[in-house]
Structure formats: structure tokens, C-alpha cells
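Some notes on the structure that comes next.
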Number of protein chains: 2
Amino acid sequence: MATPGTPTERRAVGAAGPKGEAIAAAALRLFLRDGYERTSVDAIAAEAGVSKRTVYNRYGDKENLFLSVLRDTYKSMMMTFRGIAEKHLGDVTDVRQDLTAFALEVALTMTTAPDRIALVRLIMSEAPFFPGLITAEQGAATMTGIITACLARLAGEGRLAISDPAEAAGHLVALTINRINARTMFGVLPVSDAEAERIVTSGVAAFVRAYRPAPPGPAA
Amino acid sequence: MATPGTPTERRAVGAAGPKGEAIAAAALRLFLRDGYERTSVDAIAAEAGVSKRTVYNRYGDKENLFLSVLRDTYKSMMMTFRGIAEKHLGDVTDVRQDLTAFALEVALTMTTAPDRIALVRLIMSEAPFFPGLITAEQGAATMTGIITACLARLAGEGRLAISDPAEAAGHLVALTINRINARTMFGVLPVSDAEAERIVTSGVAAFVRAYRPAPPGPAA
DNA sequence: GTCTATACCGAGATAGAC
DNA sequence: GTCTATCTCGGTATAGAC
């Protein structure tokens, strides 16, 4: 119980302290690259520049380390996405343009960073073996929840003809982000930025066509 | 070299012969359930009711068995989908209705059979570790290729306003099949048939709205 | 006291040898 | 079909170093 109040004191368990964070970073890197089963605790310890014993002291066992690291990373990913959404969907001036800019930034953030792809792939891969890895659809709910609120607002203003905002949000995500995700998941070939832009632009265009409000009156 | 000409003679390598098929079936079941790393050759041999030696005689090693079994299963899945597509899209009378029936049957085939979900998940999981597992987007190409042809025909007949049939096919798949896939991939909770029907119906409706041809003239 | 290093244990894996 | 060789893994224990 020496030096109470110092930073080193509140590291009951987990990633607190520089050592703990080095372990977490190394574990994340290897798990993302090799998956759960193919990653050994020895390798993690070596990658972190730490004794294996330290890994076990901090995280108990491999499974706990895996869950801890993945949950933290996933949470931070969701924070990033939330920021992007608020930036673009805070106040919408041009519907098609702002939705495109939003989806495009999300898409490029995923496409540019192979970590994101690997993270999603890893979560999907291990979901059957670690029930409760993600709090069950909490992921999609976070994303579509924000979009749903925005679409409901646009519908209220008469700028889009949407009766079920949640369903419409699902459609928007499906036509843009999920399409790129699906492309990257199967093969390993990365989607180029130009291709991502094409997909997003065309997806938002289709979305806007599907949900455009009826014209006020017959013209031409 | 006894009994030449009998079925047991032409088993150069692979799944020919009843033993080979038993091995393939057992391997598929265990790989789908447990993944590649968590499945042992011992378990496969036991499940197939054969000696482990027989497994190695037929398939060489674990990796080859995995690739062989997955490719065959994937091919057969694609054949199934092709059949469904031709059944519903051979000649389209009511666009919305026929597209819905098509997508719904595909969706229910995937939703009802957990094998399909597990297969897709397994391919995604192991894609980085077995380059060339699937011939790179050949999967999506098969599906969307068929749909593309159908949509091009409908566009030619003026029944849908489609300038890029391949892109439109991507949108249709994204709004229906891929949406259900995404739902099942993250969590493990299965999507109910009713939920699948709701998603497909709403997805096709949005698709038809996005690609409906312009009305011939102002009415009302 | 905590971290490092290393040796160690039992289990289970692939692959091959009778 | 069994049996064995060899390897790796998760996890622990034992030693010493700052």
C-alpha cells in the first residue's frame, strides 16, 4: 500500500499503466492479424516486450485479455463513428450531399484503415465462440440509432418521405457502408477509395430516389 | 489392386467413394460448427467413423481437406441459388412481387439453414489465411450476375429505370439478402422468418421506388 | 514488491509408423 | 486401427534483478 494516489495504484486489473497498455496494444495487433486461436500468449508477451507472467498477472487468462481488448477497441470505433455522424448529420442543408459526405467518410475510414476491417472480421469470426462478445446488435443499433434520429428529423421537415425511420436507416446503411463491408469481407482485396466513392455516391442516390417526397404538384 | 472396375477403384484423391464422402460430410459439419483451428483431424475421423489414417490417405492433410470440402459446399450453394433465381426471375410478370418472392426464398433458405450462415461466416473468417479460398468475389459475381441479367431485361422493357444494371443488382442484394446476412453475422441470434420477410418486403419496395420508371404523363 | 527469464507441466495437435 | 514421435499451447512455478 505504498504511495497511495499515484497512477500505479489504481491498476486493479486490466490495461492501466504503461505495461498494461503495451500488452493491450500488442494483443490487439496480433489478434487482428492472426485471429484468436492462432495467436499465442507467448507471442503477445514478446510483442509487448513483457514477460509472459506479467500478461497473466494483468489479465488473468487469454480469453479475458481478448474480450477486454476487443471491447475497448470496438467502443472506440463506435465513438469515432459517432463523431463522424454528428459532424455531417448535425444540421443537414443538402440532403443528398450531406448524406453522401457522411457515408463516404465512414466508408473511407473503414477502407483506409485495415484495422477496422480486421476488427469486424474478427468479431464476426469469434462471435459464436464468445457469446456476449458484443452486447448483441448493440453495434448496429448504435450506428443506425443515430442515423434514424437524423432521418426522422428530415422526415418531419418534409424533406424525405419516410414512414419508418429505423427501416430507412437500415436501407441507407445497407446501400453504402454495408455494401463496402461485404466487398471487403469475402476476398482480401481491398476496395480502392475511388471504388468506395462510387459505391457510396450511387447508394445514396438510390436511397434519395426511394425516399424522395412526392412533388407538390404536376409540372411540365 | 483387387476387383478392378469397381467403384472403389477410381478414388485417386478426394471424396470419391462412400468413405470419402463420409469424411467430407463429417469434416464439413465440424468445420462449420467449430471453425478450422478448433477442429482436429481426430474428431473428423471419429465423426466419420473411419481411421485417421484413412483421412490422411484420401486428403493428404488438414488444409487440403478443408479447402476441398469448402469449395464443394460453396459451389453447391451457388447452384442452389442459381436454381432459385431462374425459378423466380425466368419470366417476370409483376416486378415487385416476383423480386420479393425471389429474395424471400433466398433469404429463408439462408435463414432456415444454419449451415449457410456458418458457411459464409467460415469463409469470411478464414479468407485471410487461405488466399484463393474462393476465387475472389466469384461468389458475389455469380449471384449478382444472374440478377444483373434479369434487371437489364426489365430495363430494356421499360419496366424499371435502370442505367447501370450491375449497380442496381448490387443495390437489390444489399437491400435484401445482405441486410439479413449482416444481421445474422454479428450476433448469433437467428433472424426469424417473419423478420426476414419484413426486411425483404421493405427492401424490395425501396428498390422498386428507387428504380421505378417515370410515369408516361402528368395525371391527377 | 513487481517485472524478467526460464524451465516446466499436462493436454492436445498434426502427421506418420507400424 | 493403434501406437508413437514431435511440436505447440495455456498456464504455473521458480529463480533472480531493479
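Not measured: the values here are computed from a predicted model. Every chain is numbered from 1 and lettered A, B, ... according to where its sequence line falls, protein lines coming before strand lines.
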Testing A/Y59, A/F130, A/F129 one by one against A/F66 for a ring-ring contact (aromatic ring centres under 6.0 Å, His included), which residue passes?
A/F130

Taking CG from A/N57 and P from D/dG10, how many angstroms apart are they, rounded to a whole number?
17 Å

Measure from CD1 on B/I23 to P on D/dG1 and round the result to the nearest Å.
11 Å

Does some side-chain heavy atom of B/V200 sit less than 4.5 Å from a side-chain heavy atom of B/I180?
yes

Taking the side chain as every heavy atom from C-beta outward, state whether B/D98 and B/F102 have any pair of such atoms under 4.5 Å apart.
no

Test side chain to side chain contact (heavy atoms under 4.5 Å, CB included) on A/K87 and A/E105 and set out the steps.
CA-CA 10 Å; A/K87 180 169 90 180; A/E105 182 166 348; 3.1 Å; yes

Nucleotide by nucleotide, 5' to 3', does protein get under 4.0 Å of the base (B), only the sugar-phosphate (S), or neither (-) in nucleotides 12-18 of chain C, counting heavy atoms?
-SBB-BB

Carboxylate-amine/guanidinium contact B/E126 A/R38, below 4.0 Å:
yes

Using a heavy-atom cut-off of under 4.0 Å over every strand shown, decide if A/V50 touches base, sugar-phosphate, or nothing.
sugar-phosphate

For B/G49, answer base if it contacts any base atom (sugar-phosphate contacts may also be present), sugar-phosphate if it contacts only those atoms, and nothing otherwise; contact means non-hydrogen atoms under 4.0 Å.
nothing

Does A/T54 have a side-chain nitrogen or oxygen under 4.0 Å from the phosphate oxygens OP1 or OP2 of C/dT4?
yes

B/R198, CZ atom: more than 12 neighbouring heavy atoms under 6.0 Å
yes

